[in-house]
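I have placed the structure first, in the form of structure tokens, so that the comments after it can refer back to it.
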Amino acid sequence: MDLLTCYARMLTIRLFEEAVERLFHEGRIGGTAHTCIGQEAVAVGVAAALQPQDAVTSNHRGHGHFLALGADPGRLMAELFGRATGYSRGRGGSQMMMDVRCGFYGGNGITGGSIPFAAGLALEAKMRGSSRVVVCFFGDGASNQGVFHETLNLAALWKLPVIFLCENNGYAMSTPVKRGLACPQVADRAAAYHLPSSRVDGNDLLAVRQAVAEARQHARAGQGPTLLECRTYRLSGHSRGDRREYRQAHEETEAWQREPILRFAAQLRDQQVADEAALRACQAEVRQQIEAAIRFAEESPLPEIADVATGVYA
Amino acid sequence: MDLLTCYARMLTIRLFEEAVERLFHEGRIGGTAHTCIGQEAVAVGVAAALQPQDAVTSNHRGHGHFLALGADPGRLMAELFGRATGYSRGRGGSQMMMDVRCGFYGGNGITGGSIPFAAGLALEAKMRGSSRVVVCFFGDGASNQGVFHETLNLAALWKLPVIFLCENNGYAMSTPVKRGLACPQVADRAAAYHLPSSRVDGNDLLAVRQAVAEARQHARAGQGPTLLECRTYRLSGHSRGDRREYRQAHEETEAWQREPILRFAAQLRDQQVADEAALRACQAEVRQQIEAAIRFAEESPLPEIADVATGVYA
Amino acid sequence: MRQVTYTQLLRETLEAALRRDPRIFLMGEDIGAYGGAFGVTRGLVKEFGTERVRDTPISEQALVGMAIGAAVAGSRPVVEIMFMDFITLAVDQLVNMAAKLHYIYGVSCPLVVRTPNGGGRGYGATHSQSLERLFTGVPGIRVVAPATPLDASGLLQTALLENNPVLFLEHKLLYPLRAEVPEGLPPPLPFGQARIARAGTDVTVVAWSGMVAQAERAAVTLAAQGVEAEVIDLRTLAPLDTATVVAAARKTGRVLLVEEGPRTGGFAAEIACRIFEAAYDCLDAPIRRLACPDCPIPAARNLEAACLPNAEAIVTEVLSLLGR
Amino acid sequence: MRQVTYTQLLRETLEAALRRDPRIFLMGEDIGAYGGAFGVTRGLVKEFGTERVRDTPISEQALVGMAIGAAVAGSRPVVEIMFMDFITLAVDQLVNMAAKLHYIYGVSCPLVVRTPNGGGRGYGATHSQSLERLFTGVPGIRVVAPATPLDASGLLQTALLENNPVLFLEHKLLYPLRAEVPEGLPPPLPFGQARIARAGTDVTVVAWSGMVAQAERAAVTLAAQGVEAEVIDLRTLAPLDTATVVAAARKTGRVLLVEEGPRTGGFAAEIACRIFEAAYDCLDAPIRRLACPDCPIPAARNLEAACLPNAEAIVTEVLSLLGR
Ligand SMILES: Cc1ncc(C[n+]2csc(CCOP(=O)(O)OP(=O)(O)O)c2C)c(N)n1
Ligand SMILES: Cc1ncc(C[n+]2csc(CCOP(=O)(O)OP(=O)(O)O)c2C)c(N)n1
Ligand SMILES: [Mg+2]
Ligand SMILES: [Mg+2]
């Protein structure tokens, strides 16, 4: 993934998520969604380090992970609109989409629920002798679930090719990390499984890409999992209806100063990868793409009610 | 608890467990039981460090924990015989007995199942302002359960007065520690919760007592939990029907050299706490006690069938 | 009289309990500053502090397990599980520990687990379930499912005095529901007493939790067509008020059970059996069950609506049951 | 012909599958050198190695979750949960993940979870349960409960070819049971086809898993008293062979359902409803349920025996059902 594509992907995520918030506000979509504004560099940094055979598992805040891997914003949006053209034909909603062709093995409504699933994908890859590496996205809050512990232990014991990638955005819903975790850093937990770990600035796309690439090499070399903690910040609310009374306005204002997209744009300009005009063109294109996605979704048919109970079994 | 009492308690446990194995073999008791031959110093070392207001939670291998706290071997044996005079009136069996008067808050058939229970006792004690400290017994294998992780995190966050006391006896059923845990030592897991930890020779009663006393002080001072790993060895099979094919005979033979009771007896003699005659007298007394316990159990009435479904609700 | 919501009444009930009994405390994810995902505990941490309104990490299994321990030691914990779907993580602690304590050891476990159940908000397959069936077949657990603001308070008051583990279901769609209540709290309600939400003679409709409102709405429509439906709101599933249900079945001879949850293996089957075992000779037609189809609950609003039983479906089913 | 046990046939079935399909592998606690708590996998690790017969730490939740992931990726994992009581720890993964995958995403999850259920060995309240009721109300999971050595093999063969999650119950008391079989394995058995274990005209007794043997024994006693009982062995609970059960109910007009598990909220209630819904007009008496009382299973042998339905209790119940 070249750097300009990285930029475009981050922008796609940002504009997609902003659209989601607007559409909720306008009552054009319902249900629930967790947006990832401010965390775009993690998702795209990961995607940029992966190979086509690799796999990714996600959580409740997964639009960005999916878009980073190249999801079609139209079909993603259609899922949020509950349309037949959505990735899960309207059945899944925001938290439950999957597209194995781009390596996206699904989100999960249960915090921590997909952590063992990711390790299982890695187990299959290892037993089959494939060169696949799996990235397992989860949040700081999910690291308090028992299944996190069980899975890291097993994956470490069996040296599975999986990267446990924590997006530490400072909060689990309203709970700040220091009231959720008894240890100062998520990465501290690696010691319990004798795993290598590192902390990365999750708002620095290149740092994320680099760390993932290294962890990927480690896994490919048969050395097993790595626990990567990417520090970032959720600039949006946890989900719809979050009044954000658990944090102060200035905290968010400050965090906006560190947001990843403007920062990456500046890097691109500094390194002369792209000039202002190129970035503008990219922005315009992404904006159009998102508008088209909304149109596609809104014009798509609803799923057939007659089929509602079909397909429970393979 | 004076040293001679410690010796007597260890012996009570040993002879009780040997009787259990014999009674199973003879078909006089049924169901299941997990004996703790070789691990007596941990149980008694812990009990010797506690105060009357303290509480203990146990696991599937709990006869020793209970006897160390002063359980009546007769009522314990009666429970194994399924008699109305048993601690659970025959309803519980080997893994489910409780006597809060001696601070014993029950075993558990679910590996790891009583870990959060112990922390809950500690939470109550702390909220009530009591000086109670809780000791939570569990095995090396139980440290792989998710609930271990969840509980240690919570107990550490809330600085609860609980001591997580691992009896690392080298195996979880047939699984040696190194194939169960990705980290070399159970104590390594404390880092994930920023908890103090230490490793103790679990066959050295005085070392266990000392470590528990210190952890107890730490908890009483409001500093929260400690993770204590007591290294020991299970000289018996995991449970009835264990062929022990997963380990070699010489391993057990060697382990017998390190067993805690003869060792403690030698210490008592060396330090002139007790001479050979005193130890002999103690042995004879314990032997009689166990025989009486078996008689008591065998002569006790069966539970009333008519009551089988009563008492489900308080 | 004043107008208050189901949410507000639950909150006031918790508040009164926290004032009354120092052994009562609340624990759950984001119940403090956030006030809980549905706002039930909003503001309580200000009055009672973080010791008695405890925010916890995301650790449902330990959360429930610790509450059990605290309960046995003498506290009276009230746990909030943010969505009922997540209680799957605490099944071991509830089934193998809480439910067995009194029978085996003779100790009490005064624990309340509050949790929002039900669909209708487009939240998708893992945020919409009504999973009482995981517990109604497990002796040792009380299962409570109020359908109105007044009942929610009355039953929660009783739950807070119980010495057994109580699973307390709060249907998501009920939270904003308003009721007229006098100053103070409504009276406590005993467990095991169903409510005749509407008296009728032609058919009995049995429901609980979110389905009661649908049944009542259906009854109004049916009345306009000359059909008098008796609507029974179970209020508690364990204990189950078999007597009231059977009496209604005997009276009307025809019964429709309405359940939010897949048809197969639901609690409606148990109710049907109870009626059948006691009133076999009085039934004029087979008991019917109206439930969700045997599939997960989809997210799309039109699909979700097609899955969940509603007033119209109840009307149709009743008319068919009456041969009309 | 040769004499083999239920255990041995299960082992041979797994062995043949491991030989046949490289995607199949086993994982579970102490299934390698120890051979599993009940010896089902004894010796397999020697032939297939530790990669395909994987001993795991005590981590039921991750174990099942990883197997789900491996299954979606194309493996065919077979998980052993040492006692069914411990499956409570994996309810979330099974209910919220495995059961929903195909409906939501359209992907297959060819996972088999084998586990010993049932009482009768004095193991106490957390090692004796039959918890199929936690899953029979959850669409998306197959529930299989063989009652004989031949069926155990035949149904396991089918489970190993299924593309859906299968919960496979092995009743503890059946393991030592012997059967005559030809060399090789018995034929595979389709899911959803109940077995008429004994034909009869006076009453239908429906059972599954460990209770089938009790029902058959009861039928012999009853025959001596001139009562011909038809015994139906369900074999699979999901899918449920409603047609066979209903046909028998229609034929005999009287039905007794036997369930090992507390009476309230069990799967027998579902079966009763199915019969009732389809054969209401042919029943000469209310359907009866014989089950455990609504309490945990006690450890003492006399108490445990008093809880579990057995042949004598079935005889008594049938005679009462027939008004004798
Ligand atoms: C088992 C479970 N418990 C609770 C929730 C509710 N919930 C959804 S997201 C969330 C916070 C997760 O925090 P974190 O893992 O840090 O991810 P973030 O939301 O910050 O991206 C919570 C509590 C859930 N979905 N599943
Ligand atoms: C949830 C659960 N899984 C598995 C078992 C079966 N089991 C009982 S004891 C045991 C080994 C426990 O090992 P450890 O914690 O080291 O204790 P030890 O037996 O060595 O004292 C196992 C696997 C169980 N009882 N509960
Ligand atoms: Mg977070
Ligand atoms: Mg051990």
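Just so you know, these numbers come straight off a predicted model, no measurement behind them. Residue numbers start from 1 in every chain, and the chains themselves are labelled A, B, ... in the order their sequence lines are given, proteins ahead of strands.
Both the backbone and the side chain of A37(D) come within less than 4.5 Å of a heavy atom in chain B. Looking at M173(B), the atoms closer than 4.5 Å to chain D (heavy atoms on both sides) sit in the backbone and in the side chain alike. Heavy atoms of R89(B) lying under 4.5 Å from chain D belong exclusively to its backbone. With a 4.5 angstrom heavy-atom cutoff, N302(D) touches chain B via backbone and side-chain atoms both. With a threshold of 4.5 angstrom between heavy atoms, R54(D) does not approach chain B through any atom at all. In this structure, the portion of R121(D) lying under 4.5 Å from any heavy atom of chain B is its backbone and not its side chain. With a threshold of 4.5 angstrom between heavy atoms, E60(D) approaches chain B through its backbone and through its side chain.
To the nearest 0.5 angstrom, T111(B) atom OG1 is 6.0 Å from F86(D) atom CZ. Distance check, rounded to the nearest 0.5 Å: CD of Q61(D) to CD of Q145(B) gives 9.0 Å.
Between chain B and the residues I58(D), I297(D), D85(D), L89(D), the most heavy-atom pairs under 4.5 angstrom are made by I58(D). Annotation: maximal heavy-atom pairing with chain D below 4.5 Å, among S174(B), G180(B), G93(B), occurs at S174(B). Annotation: maximal heavy-atom pairing with chain B below 4.5 Å, among H127(D), E304(D), E29(D), occurs at H127(D).
Minimum heavy-atom separation, A172(B) to D30(D): O-OD1, 3.5 Å. For the pair L303(D) and R91(B), the tightest heavy-atom approach, listed with the atom from each and the gap, is CD1-CG, 4.1 Å. Looking at every heavy atom in both residues, G109(B) comes nearest to T126(D) through CA-OG1, 3.5 Å. Scanning both residues, V312(B) and D294(D), for their nearest heavy atoms gives CG2-O, 3.4 Å. Nearest heavy-atom pair across G31(B) and Y123(D) is O-CE2, 3.6 Å.
Side-chain contact between L181(B) and P57(D) is absent, with no heavy atoms from C-beta onward closer than 4.5 Å.
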